[in-house]
Amino acid sequence: MNEEKQPNFPDKYHLSRKESVYLLKKNIVELVYNAGKFEGLNTTLLQTEEIIKYNRANNVAVDDVLTIVNLKRGFEMLLNDVQEPLLETSKRINRIVAAEDALFPGEIRTGGVEVSTIQGRYVPPMLTEDEVNNQYGEIMNQEISETEKALRLFLFISKNQIFWNGNVGTALLTANKIMFSKGVGLLSIPENSYKKFNDLLFKYFDDSLYTEESMILSLIYENCIFGINYSGV
């Protein structure tokens with residue numbers, strides 16, 4: 001049988017809960033700043049830090065302050081060990097990150113939308129909540145690493161735009177929920193990878209061929225996962 005060999009994405013990290021908590025808290029400013037780019041955040045890293053750590057918002061638009069506060073709340077949600085179906089976690093995340101912008105925050109989209117991309121207008125499919133839930137289950141039950149499950153769910157939510165708004169931010173936080181709870185590091189799209197990631201994501205929207213999926217998975221895996229590296233280990 002001649003099957004195309006798929007790339008392998010093993011877990012890069014094996015962290016304890018204590019280490020995962022430390023990692024998230026230590027990097028909360030950068031996590032929020034990077035995630036905010038998908039929500040139209042216009043602040044600098046320093047301004048983001050001042051809002052998160054010192055509640056200072058000098059010369060920052062109200063919308064940007066709300067974006068930062070909501071994303072911070074979203075990441076802090078990961079610290080709560082809530083036992084619930086993963087789709088319910090995604091809904092709770094979306095209620096927070098899309099609170100100001102979505103037509104119905106936290107609800108699976110039941111109306112048609114269009115997304116503007118560099119390739120033109122993209123119309124995501126309409127999926128019922130049962131279809132979304134089944135796809136979540138299919139991804140999470142695959143015999144692949146926890147990291148790859150998180151990345152594939154991230155792409156599924158982003159591409160299918162399952163919520164009314166805030167889909168990439170919700171996808172990012174849902175993926176991090178998996179990674180945080182399993183101790184395999186955290187996911188963040190840094191500034192130096194943001195443009196290339198967006199270009200590949202928009203191509204992936206319009207072309208679900210294996211090559212496009214493989215390229216964006218490889219980019220995220222190689223450049224957007226971080227953890228704790230001990231010297232001499």
Side-chain angles (χ1 to χ4, degrees), residues 24 28 31-42 48 51-52 62-117 122-140 149-182 186-189 194 197-198 201-202 204-205 216 220 224:
L24 192 152
I28 187 69
L31 285 164
V32 169
Y33 175 75
N34 289 339
K37 296 303 178 187
F38 297 109
E39 307 300 328
L41 184 65
N42 294 308
T48 305
I51 292 168
I52 290 175
V62 173
D63 285 348
D64 286 335
V65 173
L66 289 172
T67 295
I68 291 169
V69 170
N70 287 342
L71 284 170
K72 177 176 180 284
R73 289 177 59 208
F75 276 105
E76 288 175 342
M77 266 185 57
L78 307 186
L79 299 170
N80 301 324
D81 190 19
V82 178
Q83 301 300 314
E84 64 182 359
L86 189 56
L87 180 55
E88 293 306 311
T89 300
S90 292
K91 289 179 178 180
R92 289 200 300 123
I93 289 170
N94 188 259
R95 276 196 292 272
I96 292 173
V97 302
E100 317 301 330
D101 301 312
L103 189 59
F104 303 108
E107 295 186 17
I108 300 299
R109 177 172 58 85
T110 55
V113 296
E114 292 186 355
V115 179
S116 179
T117 76
Y122 166 64
V123 181
M126 283 285 297
L127 300 177
T128 66
E129 184 160 339
D130 283 344
E131 289 172 327
V132 171
N133 196 45
N134 288 340
Q135 189 61 38
Y136 268 52
E138 186 174 315
I139 292 170
M140 296 305 294
K149 290 176 185 178
L151 300 189
R152 290 190 176 279
L153 191 60
F154 173 58
L155 292 183
F156 168 74
I157 298 171
S158 299
K159 179 172 183 174
N160 291 280
Q161 300 283 298
I162 65 174
F163 295 102
W164 289 95
N165 209 341
N167 282 282
V168 180
T170 300
L172 184 70
L173 279 158
T174 301
N176 272 304
K177 170 62 178 178
I178 298 167
M179 298 183 71
F180 177 85
S181 64
K182 298 299 182 180
L186 293 174
L187 172 64
S188 185
I189 314 298
Y194 181 76
F197 168 82
N198 260 352
L201 184 66
F202 291 152
Y204 179 61
F205 280 177
I216 193 166
I220 302 170
C224 306

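Ion pair K72/E76 flagged as a salt bridge, since at least one NZ, NE, NH1 or NH2 atom sits closer than 4.0 Å to an Asp/Glu carboxylate oxygen. A salt bridge links K91 with E129: the distance from a Lys NZ or Arg NE/NH1/NH2 to an Asp or Glu carboxylate oxygen falls below 4.0 Å. Ionic pairing of R95 and E107 is not present here: no N-O contact between side-chain nitrogen and carboxylate oxygen is shorter than 4.0 angstrom.
Interatomic distance, I96 CD1 to R73 CZ, rounded to the nearest 0.5 Å: 4.5 Å. Rounding to the nearest 0.5 Å places CZ of F163 at 4.0 Å from CD1 of I108. Atom CD of Q83 and atom CD of E88 lie 14.0 Å apart (nearest 0.5 Å). Note that CG of L151 is 9.0 Å distant from CD1 of I178, once rounded to the nearest 0.5 Å. If you take CG on N165 and CG on D101, they are separated by 5.5 Å, rounding to the nearest 0.5 Å. Atom CD of residue E39 and atom OG1 of residue T170 lie 7.0 Å apart, to the nearest 0.5 angstrom.
When all heavy atoms of A175 and F154 are compared, the pair lying nearest together is CB-CB, 4.0 Å. In plain terms, the two heavy atoms of R109 and G111 that are nearest each other are NH1-O, 2.8 Å. Between I28 and I52, the shortest heavy-atom contact is O-CD1, 4.2 Å. Looking at every heavy atom in both residues, L71 comes nearest to A35 through CD1-C, 4.0 Å. Heavy atoms only, all atoms of each residue included: L201 and S158 are closest at CD1-CB, 4.3 Å. Closest approach of F205 and Y122 over heavy atoms only: O-CE1, 3.2 Å.
Counting non-hydrogen atoms of other residues, nucleotides and ligands closer than 6.0 Å to NZ of K37 gives a total above 12.
In this structure, F156 and L127 have side chains that are in contact, with non-hydrogen atoms separated by less than 4.5 Å. No side-chain heavy atom of T128 sits less than 4.5 Å from a side-chain heavy atom of V132. Between E100 and N70 the shortest side-chain heavy-atom distance falls below 4.5 Å. Within the 4.5 Å cutoff, side-chain heavy atoms of L41 are placed close to those of T48. F180 places a side-chain heavy atom less than 4.5 Å from the side chain of L79. Residues S188 and L31 are in side-chain contact: their nearest non-hydrogen atoms beyond the backbone lie under 4.5 Å apart.
Exactly one residue among I220, L173, N34 makes a side chain to side chain contact (heavy atoms under 4.5 Å, CB included) with L187. That residue is I220. Among the candidates L86, L78, T89, the single residue satisfying the side chain to side chain contact (heavy atoms under 4.5 Å, CB included) test with T174 is L86.
Under the 3.5 Å distance criterion, with hydrogens and angles disregarded, a donor-acceptor pair is assigned to the side chains of S90 and Y136.
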- Message: For R92 and E84: C-alpha separation, side-chain torsions, deciding distance, then whether side-chain contact (heavy atoms from CB on, under 4.5 Å) applies.
- Response: CA-CA 11 Å; R92 289 200 300 123; E84 64 182 359; 2.9 Å; yes
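Aromatic ring pairs are classed by plane angle as parallel below 30°, tilted from 30° to 60° and perpendicular above 60°; the pair F38 and F197 is perpendicular.
Between the side chain of N94 and the main chain of N167, no donor-acceptor pair closer than 3.5 Å is present.
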